[in-house]
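Working notes, structure below.
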There are 2 protein chains.
Amino acid sequence: MRSVDQQGEQRILTAAIDLFGRQGFDGTSVRQLADSAAVSPALVIHHFGSKVGLREACDEHVLGFLKSERANVLLGTVDFDSARGYLAEHPEVVAMSRYLSQALARGDLASRQLFNRLIDDARDNLVLGEQRGMIRPSADPEARAALLVAWSAGLRLFGDLVAERLGGATLLEPAVSDRIADVALEVYEEGLLSADSVRRAMRGRADEARRSGTGAVEVESAP
Amino acid sequence: MRSVDQQGEQRILTAAIDLFGRQGFDGTSVRQLADSAAVSPALVIHHFGSKVGLREACDEHVLGFLKSERANVLLGTVDFDSARGYLAEHPEVVAMSRYLSQALARGDLASRQLFNRLIDDARDNLVLGEQRGMIRPSADPEARAALLVAWSAGLRLFGDLVAERLGGATLLEPAVSDRIADVALEVYEEGLLSADSVRRAMRGRADEARRSGTGAVEVESAP
DNA sequence: GTCTATATAATGATAGAC
DNA sequence: GTCTATCATTATATAGAC
C-alpha cells in the first residue's frame with residue numbers, strides 16, 4: 001500500500017532532520033521544509049501540529065536510533081574504518097549526526113536529556129573498559145565521562161571546520177579521518193604533556209595551587 | 001565628554017555580545033537588543049547598518065580581544081585557578097567566551113576564519129611547548145592542533161551542560177572546574193587507554209586495518 | 001545621537017475544499 | 001492525506017523630526 005515510496009509524513013521528517021541539522025531550527029522555515037519534502041507548508045503543520053512539534057518528532061527519531069545497536073557509529077568511535085563503511089551505506093545517519101550536534105548546542109530541555117544520556121553511556125562504556133583492562137582508571141569517572149562527551153560533541157559539531165583545515169570537506173573522508181584518528185590516538189595512548197611537564201604540574205598542583213598561575217602549564221586547547 | 005558612561009553604540013555592542021552568545025543570532029531580535037541596551041531599535045540599525053552588520057562588529061570586537069595579551073584566559077588553559085580570578089573581575093570576558101562558542105557553531109565565513117585563527121594559535125603554542133619539552137611531539141602537529149581546538153570548543157560550548165551534570169551551574173565554579181581540570185589532566189598526562197589496550201590497538205592498526213572493527217578499541221566519546 | 005512612526009517582507013499557523 | 005488561499009504576528013529596516 002504505502003511501503004514502496006516514502007509518504008509525506010516520513011519525507012517531512014527526513015527533510016527536517018537534514019535541514020535542522022545543517023541550518024539549525026531557527027534558521028529553517030516551514031516553507032523551506034515543505035519545499036525540501038515536496039509537500040505544502042500546511043501538510044507539515046497538519047502532521048506535526050507545529051514547527052516545535054516537528055522538532056520533537058525529530059528528537060524522538062534520533063533518540064530512538066541512539067538506542068539501537070549501531071548507535072556507536074553515531075556516538076563516536078576510535079574505529080573510523082568500520083564506521084566509514086556503515087555511514088557510506090546509510091547516509092541518513094550522517095544527517096542524524098549533524099542533527100544531534102545541533103540539538104546539543106541548543107541547550108534546551110531535550111538537549112539536556114540527550115547530553116545526560118550520552119554521558120551515561122560513556123561512563124558505562126568507560127567503566128566496562130576499565131574492567132577489561134583497556135581503559136585507565138579515573139579518580140572521577142563521572143567527570144571524565146562528561147569531559148569526553150563534551151570533547152566528542154565538539155569534534156562532531158566542528159567536524160566540517162576541522163576537515164576544511166586539513167584540506168577535506170568532511171570528517172568522514174579517509175584523508176581527514178585518518179589524520180584525526182591518528183592524533184587522537186596519540187593523545188589517548190600517551191597523553192599530551194611530556195613526562196617533565198607532568199612532574200612539574202604535579203608539584204604545582206600539590207604545593208602551589210593558590211599561586212596565581214605563573215609557571216603553570218598553559219596551552220590553548222586545554223579545557 | 002563621553003567617557004563617563006557608555007554611549008549607545010558601545011552599550012548596544014555589549015548587549016549584542018551578551019545576547020547573541022546566550023541565545024544565538026537568530027534567537028535574538030533587534031527589539032530585544034535595543035531593550036537590553038536601553039535604546040530604540042532604530043538606533044541599532046543607525047549605528048551598525050543592519051543586524052548582520054552588528055554581528056560583524058561583534059566578531060571584530062571578540063577577535064580583537066583574542067589578539068590581546070589575556071586571550072589565553074578566553075582560549076582555554078589548564079590553569080583554572082588563575083583564570084577564575086581574572087574572569088571574576090572581568091565579567092564581559094565570560095560573555096565573549098559564550099559569544100565565541102556561538103560564533104564557531106554558526107559555521108559561516110566569519111566562524112571559519114575564527115576557527116582557523118584558533119588552530120594557528122594552538123599549533124604555535126603546541127610547537128613552542130614541544131621545544132620547551134613540555135608537550136609531547138606529534139607526528140601531525142596541524143591535525144593535533146585542529147583536534148584540540150575542536151575539543152576545547154566543545155567543552156566551552158557544552159560547559160553549562162557539563163556543569164549541570166556535575167551538580168553546578170557553570171564551568172567556572174570551582175566545584176566544577178576542579179573536577180574537570182583533574183580529569184583533563186589525567187588524560188593529558190597519562191592518556192586514556194591502558195598500556196595493554198595501546199599494544200593491542202597498535203597491532204590492530206598496523207596489521208588488520210581492514211577488518212571491520214571487531215576487537216578494536218571502541219568507546220563512546222572517542223572521536 | 002537619538003527618537004517615534006511606519007513600510008515591507010517573512011514567519012508560523014488556520015480554514016476549508018478535494 | 002494533501003492542497004490553495006489567507007490570517008495574524010513578528011521581523012528587519014526606513015523616513016524624517018528633534
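To find a chain, count down the sequence lines: A is the first, B the second, and so on, and within it residues start at 1. Hydrogens, waters and symmetry mates play no part in the numbers below; they use all other heavy atoms, side chains included.
- Other residues, nucleotides and ligands contribute at most 12 non-hydrogen atoms within 6.0 Å of the CD atom of A:Glu60.
- Note: CD1 (B:Ile12) to C1' (D:dA13) measures 14 Å, nearest angstrom.
- With sequence neighbours excluded, no residue satisfies side chain to side chain donor-acceptor pair (under 3.5 Å) with B:Asp26.
- For the pair B:Ile45 CD1 and D:dA11 P, the computed distance is 13 Å after rounding to whole Å.
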If you restrict it to nitrogen or oxygen atoms, what contacts under 3.5 Å exist between nucleotides 2-6 of chain D and the protein, and what is each distance?
{"unit_1": "D:dT2", "atom_1": "OP2", "unit_2": "A:His47", "atom_2": "NE2", "d": "3.3"}
{"unit_1": "D:dC3", "atom_1": "OP2", "unit_2": "A:Ser40", "atom_2": "N", "d": "2.7"}
{"unit_1": "D:dC3", "atom_1": "OP2", "unit_2": "A:Ser40", "atom_2": "OG", "d": "3.2"}

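- Within the 4.5 Å cutoff, side-chain heavy atoms of B:Ile135 are placed close to those of A:Leu193.
- A stem is defined here as three or more consecutive Watson-Crick or G-U pairs, each with both distances under 3.5 Å; for DNA chain D these stems are C:1-7 with D:12-18, C:9-18 with D:1-10.
- For B:His90, the ring-ring contact (aromatic ring centres under 6.0 Å, His included) partners at least two apart in sequence or on another chain are B:Tyr86.
- For A:Gln32, the side chain to side chain donor-acceptor pair (under 3.5 Å) test picks out A:Gln23, with sequence neighbours left out.
- Take A:Asp140 and apply the salt bridge (Lys or Arg N to Asp or Glu O under 4.0 Å) test, not counting sequence neighbours, and it matches B:Arg179.
- Computed from coordinates, the B:Leu13 CG to C:dG1 C1' distance equals 17 Å when rounded to whole Å.
- Contacts classified as ring pair (Phe, Tyr, Trp, His ring centres under 6.0 Å) and involving residues 22-58 of chain A (residues at least two apart or in different chains) are given here: A:Phe20-A:Phe25.
- In this structure A:Ala34 satisfies the side-chain contact (heavy atoms from CB on, under 4.5 Å) test together with A:Val39, A:Pro41, A:Val44, sequence neighbours excluded.
- Distance CG (B:Asp26) to P (C:dT11): 11 Å, rounded to an integer number of Å.
- Rounded to an integer number of Å, the gap from A:Leu19 CG to C:dT11 P is 13 Å.
- Applying the ring pair (Phe, Tyr, Trp, His ring centres under 6.0 Å) definition to pairs two or more places apart or across chains, those involving residues 157-181 of chain B are A:Phe115-B:Phe158.
- We find that CD of A:Gln32 is positioned 8 Å from P of C:dT11, with the value rounded to whole Å.
- Residues satisfying the salt bridge (Lys or Arg N to Asp or Glu O under 4.0 Å) test with B:Arg112, not counting sequence neighbours, are A:Glu164.
- For residues 50-58 of chain B, proximity to DNA chain C is found at no residue, defined as any non-hydrogen atom under 4.0 angstrom from a strand atom.
- Residues passing the side chain to side chain donor-acceptor pair (under 3.5 Å) test with B:Asp18 are B:Arg22, sequence neighbours excluded.
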